[in-house]
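Each remark here refers to the structure printed beneath this line.
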Amino acid sequence: MMDELLAWRKEFPILDRTVYLISHSLGAMPARTREYLAAYAETWATRGIRAWEEGWWEMPVRTGDLIGAIIGAGAAEVVMQPNVSVCQSIVLSCFDWTGKRNKIVTDDLNFPSNLYIYQGAERTGARLITVCSADGITTPVERMLAAIDEETQLVSVSHVIFRSSYLQDLLAITRRAHEVGAKVVADIYHSAGTVPLNVRELGVDFATGGSVKWLCGGPGAGYLYIQRELWPELKPRVTGWVAHKAPFAFDPAAMDYAEDAFRFLNGTPAIPALYAARAGYEIIGEVGVERIRAKSIRQTTRLIELAQEAGFAVRSPLKACERGGTVVIDVPRGGEIVQELSRRDVLVDYRPGAGIRVAPHFYSKDEELELVIREIRNCTGRGPAAGSR
Ligand SMILES: Cc1ncc(COP(=O)(O)O)c(C=O)c1O
């Protein structure tokens, strides 16, 4: 069957010379990114300070609109931030942790950055409840639901777990949280761009993510969605002059937050990163996440078959409906093997306690799946003679 998504390969120069199965870590750079970065340099060089009023100032929200279209947020509801760690810190700083409702419920498969930030909140009165996974792959939803109670202020989960690619039941978790009056922050870094999602339909209060992975947008372009109805009541302590209603008044008196999404910004935005990220969002928007997901399910299913045929343990959910875009394959000496594969221009990565993470994206060829498993077999001595391609 013709794979029409392969037509996009010409937009990604690295695919000509590399087997690129690492979009869960760093998505391939679109050719257009070079032009957009050149436009940034040209604007700065020729327009100078006028660039701020000619577009740069609005960029954190205008760029956020491109993400909003991918994740189901409304216009001007997503603001760009440098990274997820900053976004999560902003979210936490919206709450007071000294009252009776002071629990943060999360799970130990959440991304460590998020957990470190919640540990910090314990110093200001938060009680951190961490639901532990029994198998290191999944966190059973019933255990999450049982941990959420009337003393819970915030529930934090990753939509797709970075370590195993397990897809959490965000809808059930959000419903339970709202039943008891708690809010939900979803880290959608590993779903946005590969698993269809709609933040409004899911009803999450906050969503955080970045552009390095499936969105092919490069570093420095994190994003924060906050449900609009909550804005008036939220006054983040992690803030700055850009979040002020009248930033250019430089008023040293008490903070007066902007009424729009600017209230969740802080200091000068990372403008070059926003230029760099644009091409990825445009392409993901044009391809469409539904089509990306359909291909991803087909290819990750095939990868699992190939890995199992080779006798490797798979440390991702086997059911497609419980899995994001990555397949984790546990083999001895995984770290060394990944280095050897890189020398052979096959890019995947390794996470301790998990295994080798392999991720096809919409631009991947079926032959590349066969090839990566063959290479891993070669390296582990379970395949044809080492070096054959
Ligand atoms: C699910 C998830 N959240 C957060 C992060 C870290 O994001 P940042 O470096 O933007 O803070 C990662 C990075 O791999 C991740 O996988």
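Order of appearance sets the numbers: ligands from 1, and atoms from 1 within every ligand. Keep in mind that the numbers below use all heavy atoms, side chains included, and drop hydrogens, waters and symmetry copies.
When the heavy atoms of R351, Q81, H190 are ranked by distance to atom 16 (O) of ligand 1, first place goes to H190.
Of the possible donor and acceptor atoms, none in the side chain of R278 sits under 3.5 Å from a partner among the backbone N and O of R32.
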>> Could you walk me through whether V160 and S165 satisfy the side chain to side chain contact (heavy atoms under 4.5 Å, CB included) test, starting with their C-alpha distance in whole Å, then the side-chain angles of each, then the deciding distance to 0.1 Å, before giving a yes or no?
In response: CA-CA 5 Å; V160 171; S165 198; 4.2 Å; yes

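Under the 4.0 Å criterion applied to side-chain N and carboxylate O atoms, R298 and D366 are assigned as salt-bridge partners. A salt bridge links R176 with E179: the distance from a Lys NZ or Arg NE/NH1/NH2 to an Asp or Glu carboxylate oxygen falls below 4.0 Å.
Looking only at protein heavy atoms, the nearest one to atom 1 (C) of ligand 1 is D187 OD2, 3.5 Å. The protein heavy atom nearest to atom 9 (O) of ligand 1 is N83 CB, 4.4 Å. Scanning the protein heavy atoms around atom 15 (C) of ligand 1, the nearest turns out to be F111 CD1, 3.3 Å. Scanning the protein heavy atoms around atom 8 (P) of ligand 1, the nearest turns out to be V84 N, 3.6 Å.
Residue contacts with ligand 1 include K213, since one or more of its heavy atoms lies under 4.0 Å from the ligand.
For the pair S85 and ligand 1, the shortest N or O to N or O distance falls below 3.5 Å. Between S158 and ligand 1, not a single N/O pair is under 3.5 Å apart.
With contacts defined as side-chain heavy-atom distances shorter than 4.5 Å, the pair I329/I373 qualifies.
Checked by atom type, the side-chain pair S25/R357 shows no donor-acceptor distance below 3.5 Å.
Under the 6.0 Å distance and 45° angle rule, K213 counts as a cation-pi partner of Y189.
Residue F162 has at least one heavy-atom neighbour below 4.0 Å for each of these atoms of ligand 1: 16 (O).
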